[in-house]
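Comments concern the structure below.
Proteins come first, then strands; the chains are lettered A, B, ... in the order of their sequence lines, and each starts at number 1.
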Protein chains: 2
Amino acid sequence: MKPKISDVAKVAGVSPTTVSRVLNNRGYLSEKTKKLVYRAMEELDYVPNDLARSLYNQRSNLIGLIVPTTSNPFFGELAFHLENICDSKGFKVMICNSSNREDKEMKYWDMLSRNQVDGMIVVSYNRGVFNERKLSHPVVAIDHYLSEQIPVVGSDNYAGGKAATTLLLEKGCKEIIHLHGPTSLNTPANLRKKAYEDVMCKNGVRPITLEVNEILNKQNQQRVIEQLFNTYPNVEGIFASDDMLAASVIREARLRNIEIPNQLKVVGYDGTEALQTFLPQLTTVQQPIEQIAETAIMKLVEMIEEKDQSEVSYETRLPITIKMGETT
Amino acid sequence: MKPKISDVAKVAGVSPTTVSRVLNNRGYLSEKTKKLVYRAMEELDYVPNDLARSLYNQRSNLIGLIVPTTSNPFFGELAFHLENICDSKGFKVMICNSSNREDKEMKYWDMLSRNQVDGMIVVSYNRGVFNERKLSHPVVAIDHYLSEQIPVVGSDNYAGGKAATTLLLEKGCKEIIHLHGPTSLNTPANLRKKAYEDVMCKNGVRPITLEVNEILNKQNQQRVIEQLFNTYPNVEGIFASDDMLAASVIREARLRNIEIPNQLKVVGYDGTEALQTFLPQLTTVQQPIEQIAETAIMKLVEMIEEKDQSEVSYETRLPITIKMGETT
DNA sequence: CTGAAAGCGCTTACAG
DNA sequence: CTGAAAGCGCTTACAG
């Protein structure tokens, strides 16, 4: 059996109360008692039981994290930073990969509630699920509106879309097409499209946005990309709303012997570390992933700590940077 | 306050014992009582407290996962599969990114122990840390030996190294160099090198292995790669022990105007999804990541369930496949 | 078929 | 400076 506080107490010749106080460094303790207790803990290889502690304290120091999948470098990198920051603040992270499925998101949500998480960070494209659930604990969303009560943190999508489009125009592209994820979802990411369309119109060029309906669906992506090249054989610039789309565009262009950047210029969005090792030549709009993670946790902790949530701003947009590559 | 079992009991007009039994579907219950209890739970929005449950049951259904970082697509993808499989078996996952630092691994290990994990999956390049810790719960390692007591699951590294080297030879390369991670660590991954050297010797060619000392250190990698090209300007084939190295090799070759695959052929190792979207043209040895995850969890659960651990095989090597790209 | 009591391993207000 | 008692929210052996 694992030793418990009462075992330590017996060995140290004190009461469990005293051991607990030594453990938490609370109240007045004589040096002698402390040493006795430390020695006993050492001798028994005592490990405190955080479950029991959390139960009594009504505080788990646990953060639930729901992402589509850490297989995707963007979410993998986001999860890394979120966990790291949580750790530095004394929080533990329970991770959930929803594959962006509503049913899984719901199950994970309930599971996390049962596990008494102090708060949750959610990356979901399915607003509906969360909109209706009563919030028994604070939640912060990344780059997607989940409900009126759930603050959102993300990159400055409008600035990103604007920068990408402007760059393509400056490089002399006339026919510029935007490849975008599903817009039926009301998310801040739609501002990438909005910015693209605004800039295009302002420059007297017709904006053309093609939509990829399903996120995480490679075949669907591929179909849309092929259609793009078939319908617009003279396309000179493509602004893809994420780097994986951009990579697929580059691949298709190569198959069609379209030279990049001479005949076609491509700009992506995200700028993960993985991209920078695997496809460093891609010009892309880089999201400040670590800063997004920091801000999200900061908000969440504020909500957890102070029960007055009126002070937490609903939406935060963090500045992007353009990473110049060889595709523009 | 959140409702607890006794609140439900009051509303349903039964005892807490009965509510608990309904919750766990244990023992004889009259249909009428069940309905009463369900209705009460519904009415109160009752959510069971898994912390309390785990405390009593001496079983958390929690798995701790320590990886270097989910930013790296290989670990990100591995984490995804591990979590998914855990979830399907009713386990929750607490995730820890160690950045491959011994001090962090130790802290995380202790943290997970305090949280009463039923078991741990560890990916670590630092054998020492774990070798000395007494195992208070089952542990399974991925692709690295941590101690005599900790089973290892990974890809068949020898077969992978052999396949890669053989391919390069078949494609006509004479001077083939192997880029390898730190070999001071005694890990199964060293078999990639061993296989390379065996195949080279068997074919009467001199094996040359260059070592990257620090994992996750980009500058160090870059230095070694530049040195490779400077020292061996006529290199015809490079077998890199992971895809990120291979990608850096390709980048450097491009800077030096070395044509791939005409002048130089490159084979990587891992074959993650991210690679397949970002750099699909790379020929690589593909690890069966999902299968590795499955096997690891299977072993871990066996160890958790049956206390007789003699039946669990110490090492498992899962079959690799060569994914042909355009770099060979 | 159902309930009162004890206990999982902690912590804290209260008393001394 | 230290301890006995109660309680965090559950579950289960025991009794009825």
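Positionally, the nearest nucleotide of DNA chain C for B:A52 lies more toward the 5' end than for the other of A:N57 and B:A52.
Residue pairs meeting the side-chain hydrogen bond (donor to acceptor under 3.5 Å, both in side chains) criterion with at least one partner in residues 288-299 of chain A, sequence neighbours excluded, are A:K299-A:S313, A:K299-A:T316.
Contact check, B:T33 against C:dT2: a side-chain N or O comes under 4.0 Å of OP1 or OP2. Side-chain nitrogen and oxygen atoms of B:T17 include none within less than 4.0 Å of the OP1 or OP2 phosphate oxygen of D:dT12. Using a 4.0 Å cut-off, no side-chain N or O of A:R26 falls inside it from OP1 or OP2 of C:dT11. Taking only side-chain nitrogens and oxygens, B:Y56 never comes nearer than 4.0 Å to OP1 or OP2 of D:dA13. Taking 4.0 angstrom as the limit, B:R53 places none of its side-chain polar atoms (N or O) nearer than this to OP1 or OP2 of D:dG9. Between A:T18 and D:dT2, a side-chain N or O to OP1/OP2 separation shorter than 4.0 Å is absent.
Judged by distance alone, the side chain of B:S60 and the main-chain N or O of B:L62 form a donor-acceptor pair under 3.5 Å. One N or O on the side chain of B:N115 and one on the backbone of B:M111 form a donor-acceptor pair closer than 3.5 Å. Remark: side-chain polar atoms of A:E77 are paired, donor with acceptor, to backbone N or O of A:E273 under 3.5 angstrom.
We find that CG of A:D7 is positioned 10 Å from C1' of C:dG9, with the value rounded to whole Å. Atom CD in B:Q58 sits about 17 Å away from atom P in D:dC10, given to the nearest Å. In this entry the distance linking NZ of A:K10 with P of D:dA4 reads 13 Å, nearest Å. A straight line from CD of B:E31 to P of C:dC1 spans 10 Å, rounded to a whole angstrom. Put simply, CG on B:N25 is 13 Å from P on D:dT12, counting in whole angstrom units. For the pair A:L23 CG and C:dG9 P, the interatomic distance rounds to 15 Å; values are reported in whole Å. Between the CG atom of A:N49 and the C1' atom of C:dT11 there is a distance of 13 Å, given to the nearest Å. One interatomic measurement links the two molecules: CG of A:N24 to C1' of C:dA13, which rounds to 15 Å at whole-angstrom precision.
Residue A:E83 holds its CD atom at 11.5 Å from CD1 of A:I63, rounded to the nearest 0.5 Å. Taking CD from A:E315 and CD1 from A:I150, the interatomic distance works out to 13.5 Å, rounded to the nearest 0.5 Å. Between atom CD of residue A:Q58 and atom CG of residue B:L51 there is a gap of 10.0 Å, rounded to the nearest 0.5 Å.
Contact record, B:N97 with B:T70: OD1-N, 2.8 Å, taken as the closest heavy-atom pair.
Under the 4.0 Å criterion applied to side-chain N and carboxylate O atoms, A:E42 and A:R39 are not assigned as salt-bridge partners.
Among the protein residues, B:V8 comes within range of no part of the nucleic acid, since none of its heavy atoms lies under 4.0 Å from any strand. B:V19 comes within 4.0 angstrom of no nucleic acid atom, judged by non-hydrogen atoms across all strands.
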Pairs under 3.5 angstrom, nitrogen or oxygen only, protein versus nucleotides 14-16 of chain C, please.
none

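More than 12 heavy atoms of other residues, nucleotides or ligands lie within 6.0 Å of NZ in A:K2, so this atom counts as buried by the packing criterion.
Remark: the A:S15 side chain and the D:dA4 base include no donor-acceptor N/O pair separated by less than 3.5 Å.
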**Complete:** A correct dot-bracket answer for DNA chain D, with pairs being Watson-Crick or G-U at under 3.5 Å, [ ] for crossing pairs and | for inter-strand pairs, is |||.||||||||.|||
